[in-house]
Amino acid sequence: MRFSIAGGTRLSGTVRVSGAKNSVLKLMAMSLMANDQCVIRNVPRISDVETMKGVIEELGATVNWSGDTMMVTPPERLGTEAPEELVRGMRASIQVMGPLLAKVGEVHIVQPGGCSIGHRPIDFHLKGFRAMGAEVEERYGYVRARANRLKGATIYLDFPSVGATENLMAAGALAEGTTVICNAAREPEIVDQQNFLNLMGAKVRGAGTGQVIVEGVKELGGADYTVIPDRIEAGTMMVAAVITGGHVTVQDVEPEHLGFLIAKLREMGAGVEVSHNRIDCFADQPITGTTVRSMPYPGFATDLQPNIAALASTAVGCSVLIETIYSNRFHYLEEMRKMGAKVIIEQSTAVIKGVEKLTGASVTAPDLRGGAALVLCAMAADGNSIVDGVELIDRGYEEFERKLSGLGARITRIE
Ligand code: EPZ
C-alpha cells in the first residue's frame with residue numbers, strides 16, 4: 001500500500017488527536033489480570049491494536065471493540081502460550097508476560113528479535129521476573145517463565161526501559177509483598193498504566209518518577225478507563241504544520257506531555273501557542289537548524305526524532321541529531337536523501353544541512369515513525385511523491401491521510 005502525495009500545500013485547520021498507541025496496547029495486556037470486564041475508551045483504530053486484540057483473544061479473552069470503546073473480558077482460565085506469529089509481528093506483545101506470570105504463574109513466548117530500528121533485547125524484563133522469584137528459561141529462541149506466586153522485590157533497571165517498567169508493574173500488582181522498581185521509566189504512558197491498575201484495585205504509586213512502588217494485592221477487578229492522547233501523533237501534526245509553512249490547531253492533546261517538542265520547535269523559530277488541551281503551531285518566520293539528543297522522558301522522544309529530521313531538512317543551517325535510545329534508527333534518512341535532503345550519518349549521529357526545497361520522489365517507509373517523517377517531507381516538497389510501505393504507518397497513526405486531508409494536504413491512498 002502507498003500514499004500518493006502532491007507537495008506544496010500549507011496545512012491549516014484543526015485536527016483531533018487519537019488515544020495513545022503505546023498506552024492502550026499495555027492496558028489491553030493488563031486487562032488479562034482482571035476478574036471482571038475492563039472497558040477501555042479512546043482506543044485508536046490502528047493495526048497494532050488489532051494485533052494486540054489477536055494476542056489477548058488467543059489467550060482466551062473476549063474482546064468487543066465498537067467505535068473507540070473496547071471491552072475486554074478475561075476467560076475463566078487464561079492460556080499461557082502467546083501466539084507466535086502475532087508476537088513476531090509486534091514487539092509490544094511481550095507486555096502480556098508480566099500479566100500472565102502474575103495471574104496464571106506461567107508464560108511461554110517467542111523471543112522478539114531485533115527490528116528495523118535496532119537491537120531490542122528483553123533482558124531487563126527477564127531479570128526483573130527472576131528477581132521476583134520466577135524461573136525463566138531461554139531456549140531455542142523461546143522464553144518460558146514460571147512462578148507459583150511472584151514475590152515482591154527491589155529491582156534496579158540498568159536503563160529506564162518503558163516496557164520493562166510496565167511489565168514489572170503488572171507482575172508486582174498481583175505479587176506477594178512490595179515491588180520497588182528503581183530507575184523506572186517516567187513516560188506519561190507509565191502514569192496511565194498506574195491509573196488503570198489502581199482502578200482495577202492495585203496499589204501502585206510513584207509512576208512518573210524514577211521509583212515505582214507496587215504493593216501486591218490478591219486479585220484485581222474490572223475498570224472503566226479513558227486512554228491519554230497520543231503525544232507522538234500530536235507531535236507529528238505539530239511538525240506537519242510547521243514544515244508546510246501552515247497553521248494547525250492540534251486538539252484534545254495533553255501539552256504537558258510535549259514540553260520537549262514545544263521547546264524545540266520554538267527554538268527553531270516556529271510559533272507554538274498552548275492552552276489547556278490544544279496546541280496551535282505555525283511558521284511565520286524561517287525555521288533554523290538545531291541540535292536534538294533523544295532521551296528517555298522528559299527528554300526528547302526518540303519516536304519524534306524522524307519528524308525533527310524532516311523539519312531540519314529544509315531549515316536554515318545545519319542540524320545535529322544524536323540518537324541515544326536505538327542503535328539503528330536512521331534508515332529513513334536514506335529515503336529522505338532521494339528527496340534531496342543533505343545528510344551525513346556517522347554511527348548514532350546525523351548531520352543535516354537544510355536545503356531550500358525538497359523535491360518529490362518515490363520512497364519507502366522503513367518503519368512506523370520514519371514513514372510518518374517521509375510523509376511530512378513529501379507534503380513540503382516540490383512536486384509529487386509516492387510513499388510506499390503505508391502498512392507500517394497504519395500500525396500507529398489512526399486515519400493518517402484523512403486527518404491530513406482535512407488540513408488541506410493532497411494525499412491519497414493507493415491500495
Ligand atoms: C517503547 O518501546 C515504545 N513502544 C517505543 O515506541 C519507544 O520508542 C520506546 O518505548 C522508547 O520511548 C511501545 O510502547 C509499544 P524501551 P520499549 O524498553 O518499551 C533497551 C513506536 O514507534 N532495552 O524503553 O521497547 C532497548 O534496546 C515505538 O511507537 C534493553 O537493552 O522501549 C532500547 O535501546 C518504537 N533491554 C532501550 O532500552 C531490555 O530488556 C529503550 O527501550 C529492554 C530495553
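Counting starts at 1 for both ligands and their atoms, following the listed order. Both backbone and side-chain heavy atoms feed into the values below; hydrogens, waters and symmetry mates do not.
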What is the closest protein heavy atom to [atom], and at what distance does it sit?
atom                    : result
atom 36 (N) of ligand 1 : D123 OD1, 2.6 Å
atom 18 (O) of ligand 1 : S161 OG, 2.6 Å
atom 30 (C) of ligand 1 : F124 CE1, 3.3 Å
atom 17 (P) of ligand 1 : R120 NH2, 3.8 Å
atom 38 (O) of ligand 1 : F159 CD2, 3.7 Å
atom 14 (O) of ligand 1 : K26 NZ, 2.8 Å

Report the part of [X] in contact with ligand 1, treating N, CA, C, O as backbone and CB onward as side chain, heavy atoms under 4.0 Å; options are side chain, backbone, both, neither.
X    : value
T302 : side chain
R329 : side chain
R369 : side chain
K21  : side chain

Should [X] be listed as contacting ligand 1, given a heavy-atom distance under 4.0 Å as the test?
X    : result
G396 : no
R395 : no
E189 : no

Return yes if a side-chain donor-acceptor contact under 3.5 Å exists between [X] and [Y], otherwise no.
X    : Y    : answer
D230 : Y397 : no
E323 : S294 : yes
E137 : Y142 : no
R231 : Y297 : no
N22  : E189 : no
N307 : T236 : yes
Q111 : Y140 : no
H247 : D280 : yes
D192 : S23  : yes
E398 : S18  : yes
R293 : T324 : no

Which of the atoms of ligand 1 are close to [X], meaning less than 4.0 Å from one of its heavy atoms?
X    : value
R91  : 25 (O)
H119 : 27 (O)
H125 : 40 (O)
L368 : 22 (O)

[X], any N or O under 3.5 Å of ligand 1 N or O:
X    : result
I325 : yes
G163 : yes
A92  : no
Y326 : yes
V162 : yes

Check your understanding: With respect to D48, which candidate in R91, K21, K26 satisfies the salt bridge (charged side-chain N to carboxylate O under 4.0 Å, His left out) definition?
Key ->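 Answer after filtering R91, K21, K26: K21.
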
Practice item. Would you tell me which option among I122, I117, N22 has the nearest heavy-atom contact to atom 15 (C) of ligand 1? Key: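 The option holding the nearest heavy atom is N22.
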
Review point. Among D303, D230, T324, whose heavy atom sits nearest atom 35 (C) of ligand 1?
Key: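 Looking at heavy atoms only, D303 sits closest to atom 35 (C) of ligand 1.
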
Check your understanding: Any protein heavy atom lying closer than 4.0 Å to atom 42 (O) of ligand 1?
Key ->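 Neighbour list for atom 42 (O) of ligand 1 is empty of protein heavy atoms (cut-off 4.0 Å).
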
Practice item. Specify the closest pair of heavy atoms between A6 and T9, including all atoms of both residues, with the distance to one decimal. Key: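 Nearest pair, atom of A6 first, then T9: O-OG1, 4.4 Å.
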
Exercise for review: Over all heavy atoms of both residues, which pair between T288 and E267 is shortest? Give the atoms and the distance, please.
Suggested key: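 Taking every non-hydrogen atom into account, OG1-O, 4.0 Å.
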
Practice item. Answer yes or no: is there a side-chain heavy-atom contact under 4.5 Å between I322 and V292? Key: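 No, every pair of side-chain atoms sits at 4.5 Å or beyond.
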
